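Step one of this worksheet: look at the structure below.
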Number of protein chains: 2
Amino acid sequence: MKKKVSLKDIAQEAGVSTALVSYVLTNKEEKARVGQEMARKIRKIAQKLNYQPNHLARSLKSGRSDTIGLIVADISNPFFGHIARTIEDEAKQHNYTVIFGSSDENVDKSGDLINALLNRQVDGLIVIPAEGSEQQIRNLKERHVPFVIMDRPFPGVDASSISINNAGAAYEAVKHLLLAGRRRIGMIAYKTGLHHISERRRGYTQALSDYGLEKEKRIKLARYSHLRDDIRKAIGQLMRGKQPADALFFATNSLAIEGLRYISELGIRVPEQLAVVSFDESEAFDLYHTPVTFIRQPIPEMGKAAVRLLLEHIRDGDRPTAAICLDAELVIRQSSAKK
Amino acid sequence: MKKKVSLKDIAQEAGVSTALVSYVLTNKEEKARVGQEMARKIRKIAQKLNYQPNHLARSLKSGRSDTIGLIVADISNPFFGHIARTIEDEAKQHNYTVIFGSSDENVDKSGDLINALLNRQVDGLIVIPAEGSEQQIRNLKERHVPFVIMDRPFPGVDASSISINNAGAAYEAVKHLLLAGRRRIGMIAYKTGLHHISERRRGYTQALSDYGLEKEKRIKLARYSHLRDDIRKAIGQLMRGKQPADALFFATNSLAIEGLRYISELGIRVPEQLAVVSFDESEAFDLYHTPVTFIRQPIPEMGKAAVRLLLEHIRDGDRPTAAICLDAELVIRQSSAKK
DNA sequence: CTTGCTTACTTAATCGTTTAAGCATATATT
DNA sequence: AATATATGCTTAAACGATTAAGTAAGCAAG
């Protein structure tokens, strides 16, 4: 790469010190009482040489990089992509840049990522934590790194977080299925200890028991690493016997998409034979022969809130933590129509 | 944020100079002839204090940031998300980090992004260029910034690029429709001068004329900014009259998804009444009632190739440019079945 | 004509790291 | 004994920018 133009080059050309150039180009001429003539000259030279400040050097001096680190599970998953996009936009509004990394739901990768981002001197982190990364989060807290957890708060950790009312949303979804006349409602979730998923399970369970159906609980779990096989097995189990499920509630969109693939293969009719509701949005839900009822998370609001809260933490290291909880919306379509 | 541990802190604790600490921690003890005893002591202290090198300072000194910049159109679009993911993984393999930004298919944003990334001293760029950003690319070349163009090469610019055989893939897709007995094949593409789209159009046109159907050309264009409306209008036009289209070829997945939504609304039967083929992959294509035939781009290979080529350019500023062109694969499913 | 205030700059230290060059001291070679 | 070599460390400059503190010249006031 061609050598970049530095303050020194401009200073040389103008016959002055780099300090003066710096004062002018950072608009501190008043304070530094730079001559108008000279200020104009410096600016002209800077323009001519196409000077671009070296952000690294500036950061080193100032201790601020104007960069935030984002850790998601997998940037190729549209849910996280969408989050990343809103964070990017909101960050840009505040003159921040985003560095990201995918943890792949893996604790070790997550730890490496956190370190890599911190070494690059990010001013703060937005983390969608992987299972088992609780200790890493505590560690951030101890080190007084400004950070915000998104999507998956840890109940035992006092940290700022942006999340949705997972239990409530799941409750509404299941209630909706019940009101549609379904009684044997299965749920397929990830096999994980992450709080957002347990909450969704809790909402499901609560709804069933509020309707006197606690005996009808049918939760099946799938491993992130064996998604396809586990889902097929789960659906196989739920649909077999004389009392097959008449509704399925999926805890995330990836579970639903994989599940619907199999349901189509099996020739199960939706919604006549089986109603379907899923957490999260997906383009695939629109194109399914009967558009899928789903729970829409307010992703743009979540992203904006995350960035704003993080910036407050960055600006004020002592800002008390805040757990922001937003509401999700049940979007009802044909896949959960009455029997 | 708590003050970070620096070389100075370690040096102080060990009672030596920072230079010595640096030699040890960068494994240059041999060269610098550091005593074994001392090396061990320094390493122990570093561990105890949990020293993490300041990447910014290192980069400032070395002139290398071990960071590559990625510019996509929109990270929330799964196609770009997928690309970003493979680039991230491949970069990590080589100890590089990725900073990204979404251009929104907008020249001004693209320019701002390029500058923002370069100011942050990225070692190189991978760019999926927006329409009209040709001059920005030329400018990169002039400034000797190492970069690789992905997905959308500019025919008039001598730059390294990774792309696919767009015309060939489109040709195969249309040929496939012709062999399936379709004769009134419409195409819906973006209204853009970007080469990859023109190439797809060229492939379509070529296939028609090779089969003696040049008169049957029906290309409709949609604006990125008015996707929904333009597609509805286009499909409306293609399907009306006594010679409605019996097949549709979509130039990208977002066009297809929007198009299929409307096709479902209109109650048009696929594939009986209308065969459908789309460029690019999508989960939605699997869940469509008749799984959609599509052209699969080799995204993982493209991402890997892009990173590798970029790293070669970074290592050797004089490396001649290379235009790598990969083949895409037509995945045939029911949406394009014989009439 | 000395003191003090402006104005318009420069000097120099600093951020954290790297690395060539220098400087003692000890040991080996002739 | 004089010289060379090896060993183990320190010094200091550099990367590019920021900024407090210093300086020099001009001018006004006492």
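Note that this is a predicted model, so its numbers are computed, not measured.
The outermost nucleotides of DNA chain D lying under 4.0 Å from heavy atoms of chain A, listed 5' to 3', are D:dC15 to D:dA20.
Within 4.0 Å (heavy atoms only), A:S59 reaches no atom of the nucleic acid at all. Base engagement by A:S17 is indicated by at least one non-hydrogen atom pair under 4.0 Å involving a base atom.
Straight-line distance from the NZ atom of A:K28 to the C1' atom of C:dT10: 18 Å, rounded to whole Å. Here C:dT7 presents its P atom at 17 Å from CE of A:M38, a figure rounded to the nearest Å. The distance between atom NZ of B:K61 and atom C1' of C:dT14, rounded to the nearest whole Å, is 16 Å. C:dG16 atom C1' lies 10 Å from atom CZ of B:R58, rounded to whole Å. Atoms CZ (B:R64) and P (C:dT17) sit 17 Å apart, rounded to a whole Å. Rounded to whole angstrom, the span from the NZ atom of A:K41 across to the P atom of C:dC9 amounts to 10 Å.
Residues from residues 50-57 of chain A that place a heavy atom under 4.0 Å from any atom of DNA chain C: there are none.
Under the 4.0 Å criterion applied to side-chain N and carboxylate O atoms, B:R43 and B:E29 are assigned as salt-bridge partners. A salt bridge is defined here as a Lys NZ or Arg NE, NH1 or NH2 lying under 4.0 Å from an Asp or Glu carboxylate O, and B:E88 with A:K109 fails to meet this definition. Checked for salt-bridge contact, A:R138 and A:E134 meet the test: a charged N lies under 4.0 Å from a carboxylate O. For B:K141 and B:D158, the salt-bridge test passes: some basic side-chain N is under 4.0 Å from an acidic carboxylate O.
More than 12 heavy atoms of other shown residues, nucleotides or ligands fall within 6.0 angstrom of atom NE2 in A:H94.
Side-chain atoms of A:N54 and A:R58 include no donor-acceptor pair closer than 3.5 Å. With hydrogens and angles left out, the side-chain atoms of B:S65 and B:R120 include no donor and acceptor closer than 3.5 Å. A:S163 and A:H196 share no side-chain donor-acceptor pair at under 3.5 Å.
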For this session: For salt bridge (Lys or Arg N to Asp or Glu O under 4.0 Å), just list the numbers for A:E90 and A:K304, CA-CA rounded to whole Å, side-chain angles, deciding distance to a tenth of an Å, and then say yes or no.
Result: CA-CA 6 Å; A:E90 185 68 18; A:K304 267 181 210 164; 5.0 Å; no

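Distances shorter than 4.0 Å separate none of the side-chain N or O atoms of B:K8 from OP1 or OP2 on C:dT17. Phosphate contact (OP1/OP2 of C:dC15, side-chain N/O of B:K3, threshold under 4.0 Å): absent.
For the pair B:A39 and A:A19, both in contact range of DNA chain D, the more 5′-proximal nearest nucleotide belongs to B:A39. Nearest-nucleotide assignment on DNA chain C puts the 5′-proximal partner with B:S62, out of B:S62 and B:R33.
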